[in-house]
Structures are given as structure tokens and as C-alpha cells.
There are 2 protein chains.
Amino acid sequence: MAEATLQSQTRADEAFDCLQTAIVTGELAPGEKIGEVELCSRFNLTRGPLREALGRLESRGLLVRRPHAGVKVVSVSAAELLELYRIREVMEGLAARQAAERMTDEEIAELQATLDSHEKMIEQAQGQAYYQAEGDYDFHHRIATGSRNAKLAQMLLGDLYYMVRMYRYRLSTSAGRPHLALREHRRIVEAIAQRDGELAEFLMKRHINAARINIEKKIEEGVLTI
Amino acid sequence: MAEATLQSQTRADEAFDCLQTAIVTGELAPGEKIGEVELCSRFNLTRGPLREALGRLESRGLLVRRPHAGVKVVSVSAAELLELYRIREVMEGLAARQAAERMTDEEIAELQATLDSHEKMIEQAQGQAYYQAEGDYDFHHRIATGSRNAKLAQMLLGDLYYMVRMYRYRLSTSAGRPHLALREHRRIVEAIAQRDGELAEFLMKRHINAARINIEKKIEEGVLTI
DNA sequence: GATCCATTTATTGTCAACAAAATACCCGAG
DNA sequence: CTCGGGTATTTTGTTGACAATAAATGGATC
């Protein structure tokens, strides 16, 4: 059962965190219709804060709400997942460009260190899928915040990533190409370190486009039925 | 005083609409600290639905909330406004490309008709600033929905445009270059009509970039003090 | 036997009172 | 006169009960 990760400041925040993680991890399955009272007993909440959290989640597109009819978890089709990647492509391209212009040298060093640890994890090849997925998330997370573009980071971290991660958990790993992805990550960081924003944008766009094509291929193969 | 535009389905929706328009039109000034009870009396609501609406608005970045300390309307700096345009550039570029691939012939015809009416309004030159601003919004709105990318449209229409419009109202018009903007719009539609997605993306990006530079110039001139 | 309508039931939407927390104010000491 | 601490007040956060609406069920008619 999903709990509030850290001591949330308010009950509504707690509810929001719980529900979000529950949705992302698949504990609450897509398309599942959920009653308010059921959720209350499940997460030890009362309906006031819960409703506030539901509103926030609806506004973020993680669930849909019909008046007087109830709440159900959003179910994203394969086509919509691919559309998400198209958005990621342009937005993270921008993030990479701005990160190249604005990240501090310390942040870049940390980013490189992150990749080093990812490399070790892949070499050890144990639970590589999970770590790869998490590592990938970590990498993109850092670049989003490194862009110093508050709204861009908010949209990426607050909207898109949660929807993508929702599928990551279900697919175990969407990438399945750890070495290749790592190499692409390395190149992007290199461009950022050289403060070459244009190249960083290009490489990031190509990186995400490759991931999208990979998913597309899996869908065609029937590995991925959504 | 802002009212619910149409009969909203629920009190919370009503509250959301009221507050959103109030913020966008400047009725609630940026940085203004607002109390819950005050809002309730002002919009004839009770605190339950209001709090739900506040949560949604916070999640969209239109206001910030500190636990136990209250709610205040977000105040976006000039720098942040420009960052918003950077995001628009890439996202609307994508929207234009996908619109060129996916819009129906009817939609394209409507889009052209829209521009015709805009042209007339500009020629009449009465209240041109207002109409230009609204017309511009209308144009971009149609392309966003025409992209057939649900999440992209949601992010543009639900997040970015409201923040941009917040400033539109305060600046009367951010463009101030109606003829030029119209010509750029024409070119974009032309590319869409020819189903040339790549060109449509390029032209849209350039169009928004020009708007951004125009604002930047105004800020430097001191016309625009945020 | 199937369909339409009314009633019932369960669920959501709303409200007003209660509890907790942060700000503001006042008083005293340095 | 200024600064620190403590109390008072205001405002937010939470709760549980009440009202309204939609789905489900059962009965009657075609």
C-alpha cells in the first residue's frame, strides 16, 4: 500500500502523493472506477482532503471525473503514449538547450557522476531493467531542473513524467537498450559540458525519438498491448 | 465581478471558472494575498468547493499556497514570461506540424475563414488591439486542438495560454504588430493547407520567437514593467 | 419475454461547526 | 528606543452530518 513518502505538510498533500504513486505504480489500475469512501478507508483519509487531491489529479490528467458519477483512473492508449513522447521530444530538447546554457559546473559534474553510477549498475547487470528505468528518470529529471525554466520543469516533472512512468512500471522497462541509452546520455552531457546548447537539443531530441520508435516497434510486435 | 460563464456542472467547477477568469483578467492582481472567506463572500461560495478549486488552480500554477499561511496569486516576472514563450515556441511548433498532418479540410477552411475575419477587424482598425489579441488567441487555439494530440492541447490550452493571457490583459496587447502577425498566420495556414508539417513547424516557431523578441524589446524600452 | 418506468439505494456534492497552526500584537527587558 | 518572547486573534485545515443526483433494481405493461 502506498504511503506518503515524507511527512506531507497537509492531509490533502498526503492524499495527493498517495494517489499519485498508487496510480503510477499501477496499484490503481487504469480504467478502474474508484469510490471516494473506498479510497478514504484505504488511505486513512477523510473525504475533504481527498476531494481536494482528486481535483488536483484530475487537473493533471491522471484521472477523470464525471459529476455525481464517480472517479476513474485515466487509461492511456498506445497511440496516446506515443503522442506523449512527441511532446517530450520538443520539451526536453528545449530543456537540454537551456541546461547547456545555464547549468552550473557543479551540476554538470554531478550529472556526469550520475551517469558513472548508472554505468556501474548496468555492468553489474543485476536488476538492470529497474535501475535503468530509474536511472533514466534521474537523468532527465536533472536536466529538466537544470534548464532553470520553472514552468518547463513543472510541466515535465509534474505532468508528463508521471504519465510516462505509469507505463514504465507496467512494462518493467520501456527502454530495453541500456548500453545504447547510456551512450546517448553521455553524448548529451558532453554537449552540455561544452555549453553547446544547439547540439544538446539535437541529441536529446534524437534520444527521445529513438525511445519512441523503440516503443512503437514493441507495440507492432504485440509485446506491448495497451 | 466574474461569474461562471455557463451553468457549471458543480460548485467547484463554478469556483474554478470564476477564479481563473478573475486571475486572468487581473481582477485578482498578481501577488495579491487572498483569504478564503473573502473569496467565498465575493463569489457566493462555501469553503468546500472553493478549496477544491484552489487546489486545481495551484496545480496549474496560477496561484501559490503555503500551508496555514494562505493563498496568493502568482506573480510572473518578465524573465519568466519570456521563458513561457520559449516553451510555447517548441510546443506550438509541434502543434503546427501535427495540425498539418491531421487537420481535416473543413477545419483548415474554418481556420482560413477565421483569418479573413481577423483581417477585416484589423482594417476597420477599431479596437484593433483587443481584437488582435483575441484573434491571435483564437488562431493558436484552433491549431492546438487541430493537432489531435490531446495532452499537447491540454497543456497549451489549460496551462500556458492562461498564464500568457494574464499578461495580454494587462498589456492591452503584447503584439502591437497586427499586420505582420496576420501575414505570419497566413503563411502558417498555407503550410498546413499544403500538408507541409515541417514548414508549418518552422514558421510557427519563428512566429512565436518574433513575438518573444517583440516583448523583450518592450521590456528593454521600459514600456513593460513587471 | 422484453422494454419502459418508478422506486430504491448508494454515491457524490455541499455545508457548517471544530481543531490546529501561523501571523500579529502587546508587553517587558535590555 | 529597540529587540525578544509570549499571548491573542485570525485564518487555514479537517471533520462529520446533510442534501442532491445518478445508477441499480424491481415491477408492470406491451
Side-chain angles (χ1 to χ4, degrees), chain A residues 2-20 22-23 28-75, chain B residues 1-20 22-23 27-75:
Chain A
E3 289 292 337
T5 48
L6 256 76
Q7 197 72 6
S8 299
Q9 294 185 313
T10 176
R11 297 297 250 202
D13 291 336
E14 192 184 329
F16 183 76
D17 290 343
C18 282
L19 286 171
Q20 191 168 47
I23 292 170
L28 260 48
E32 186 179 348
K33 185 177 167 280
I34 44 183
E36 291 187 1
V37 284
E38 188 196 328
L39 287 175
C40 287
S41 59
R42 199 156 156 185
F43 296 107
N44 277 46
L45 295 161
T46 61
R47 283 184 56 218
L50 180 86
R51 281 180 65 76
E52 205 182 307
L54 290 177
R56 301 217 306 238
L57 288 165
E58 185 195 19
S59 159
R60 295 207 174 177
L62 257 64
L63 46 82
V64 289
R65 241 172 146 184
R66 261 207 349 247
H68 298 280
V71 175
K72 73 173 205 279
V73 180
V74 76
S75 67
Chain B
M1 172 174 165
E3 288 292 338
T5 47
L6 256 75
Q7 197 73 7
S8 299
Q9 294 184 312
T10 177
R11 297 295 247 204
D13 292 336
E14 191 184 328
F16 182 76
D17 290 343
C18 282
L19 285 172
Q20 191 168 48
I23 292 170
E27 190 181 321
L28 261 46
E32 187 179 348
K33 186 177 167 277
I34 44 182
E36 290 188 2
V37 284
E38 188 196 327
L39 288 174
C40 287
S41 59
R42 199 156 158 185
F43 297 106
N44 277 48
L45 296 161
T46 61
R47 285 183 55 217
L50 179 85
R51 282 180 64 77
E52 204 180 309
L54 290 179
R56 301 216 306 237
L57 288 165
E58 185 196 18
S59 159
R60 294 205 174 180
L62 257 64
L63 46 82
V64 289
R65 241 172 146 186
R66 259 204 354 244
H68 299 280
V71 175
K72 73 174 205 279
V73 180
V74 76
S75 67

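Side-chain atoms are counted along with the backbone in the values below, which use heavy atoms only and exclude waters and symmetry mates. Model, not experiment: these values are computed from the prediction. Note on naming: letters A, B, ... go to the chains in the order of the sequence lines (proteins, then strands), and numbering restarts at 1 for each one.
- In terms of heavy-atom proximity, B:A22 sits nearest to B:F43 at CB-CZ, 4.1 Å.
- The distance from atom NZ of A:K33 to atom CZ of A:R66, rounded to the nearest 0.5 Å, is 9.5 Å.
- Contact between A:L45 and A:A15 at its shortest, heavy atoms only, is CD1-CB, 3.4 Å.
- Scanning for salt bridge (charged side-chain N to carboxylate O under 4.0 Å, His left out) contacts around B:R47 gives B:E36, with sequence neighbours left out.
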(request) Assign a letter to each nucleotide of nucleotides 16-23 of chain D from its 5' end: B, base within under 4.0 Å of a protein heavy atom; S, sugar-phosphate only; -, no contact. (result) S----SSS

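- Not a single salt bridge (charged side-chain N to carboxylate O under 4.0 Å, His left out) links B:E32 to another residue, sequence neighbours left out.
- For the segment residues 49-60 of chain B, the set of residues with a heavy atom within less than 4.0 Å of an atom of DNA chain D comprises B:R51, in numerical order.
- Within 4.0 Å of B:L45, counting heavy atoms only, lies no atom of the nucleic acid at all.
- Overall, the helix from C:dG1-D:dC30 to C:dG30-D:dC1 carries an axis bend of 10° between its ends, with five pairs at each end and the value rounded to 10°.
- Rounding to the nearest 0.5 Å gives a distance of 6.5 Å between CG of A:D13 and CG of A:D17.
- The line from CD of B:E14 to CG of B:L19 is 10.5 Å long, rounded to the nearest 0.5 Å.
- Side-chain atoms of B:S59 and A:R60, non-hydrogen and from C-beta on, do get closer than 4.5 Å to each other.
- Side-chain nitrogen and oxygen atoms of A:T10 include none within less than 4.0 Å of the OP1 or OP2 phosphate oxygen of D:dT12.
- For the atom pair NE2 (B:H68) and CD (A:Q9), the distance works out to 8.5 Å, reported to the nearest 0.5 Å.
- Atom CD1 of B:I23 is separated from atom CG of B:L57 by 5.0 Å, given to the nearest 0.5 angstrom.
- Reading DNA chain C from its 5' end, the first and the last nucleotide to sit under 4.0 Å from a heavy atom of chain A are C:dT12 to C:dT14.
- In this structure, CG in A:L62 is found 10.5 Å from CG in A:L28, a value given to the nearest 0.5 Å.
- Across all non-hydrogen atoms, the minimal contact from B:A29 to B:V73 is O-CB, 3.4 Å.
- B:R56 is listed as a side-chain neighbour of B:E52, based on a closest heavy-atom distance under 4.5 Å.
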